[in-house]
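Here the structure is laid out as structure tokens; the discussion comes afterwards.
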Amino acid sequence: MGIGASLFLIAVGAILKWAVDAQVSGIDLQTVGTIMMIVGVVGLVVTMVIWGTRRRTDVVHQSGVGGSRTTYVEPNDVPRP
């Protein structure tokens with residue numbers, strides 16, 4: 001689940017929880033809204049944790065006398081000549 005889907009679930013859940021007064025037989029809309037908000041918050045936290053721990057690699061193209069060379073550099077590494 002992405003950030004957009006998580007925010008959508010939180011927003012729809014909040015609307016069902018606090019803004020809808022309709023009664024549906026067999027379903028409590030306030031409970032459904034609470035569940036949707038909880039799922040949205042959990043999805044948002046999981047997405048942020050996955051994005052925060054993801055490793056990134058930079059591609060460095062260098063051209064020299066012997067031709068060009070491609071080096072893959074981790075964010076905290078210093079490129080070697």
Side-chain angles (χ1 to χ4, degrees):
M1 182 182 316
I3 293 174
S6 297
L7 293 176
F8 178 77
L9 282 176
I10 293 169
V12 172
I15 291 169
L16 288 175
K17 174 76 174 168
W18 291 298
V20 175
D21 289 335
Q23 298 292 326
V24 178
S25 63
I27 298 175
D28 184 10
L29 291 178
Q30 285 76 28
T31 303
V32 172
T34 303
I35 292 169
M36 289 178 74
M37 286 190 296
I38 291 170
V39 170
V41 168
V42 169
L44 185 63
V45 168
V46 168
T47 301
M48 298 306 276
V49 166
I50 289 173
W51 277 24
T53 59
R54 198 171 69 172
R55 295 197 62 137
R56 297 176 189 233
T57 302
D58 296 329
V59 179
V60 178
H61 297 284
Q62 297 174 341
S63 49
V65 176
S68 64
R69 138 183 119 163
T70 302
T71 306
Y72 297 94
V73 181
E74 294 299 324
N76 295 327
D77 290 347
V78 176
R80 294 180 207 119

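Atom set for the values below is all heavy atoms of this structure, side chains included, hydrogens, waters and symmetry mates excluded.
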Under 3.5 Å donor-acceptor pairs involving side-chain atoms of residues 35-46, not counting sequence neighbours:
none

Practice problem: With sequence neighbours left out, write down each residue that passes side chain to side chain donor-acceptor pair (under 3.5 Å) with T31, or none if nothing qualifies. | Solution: D28

Which pairs of donor and acceptor atoms, one on a side chain in residues 12-24, lie under 3.5 Å apart (sequence neighbours left out)?
unit_1, atom_1, unit_2, atom_2, d
K17, NZ, T34, OG1, 3.4

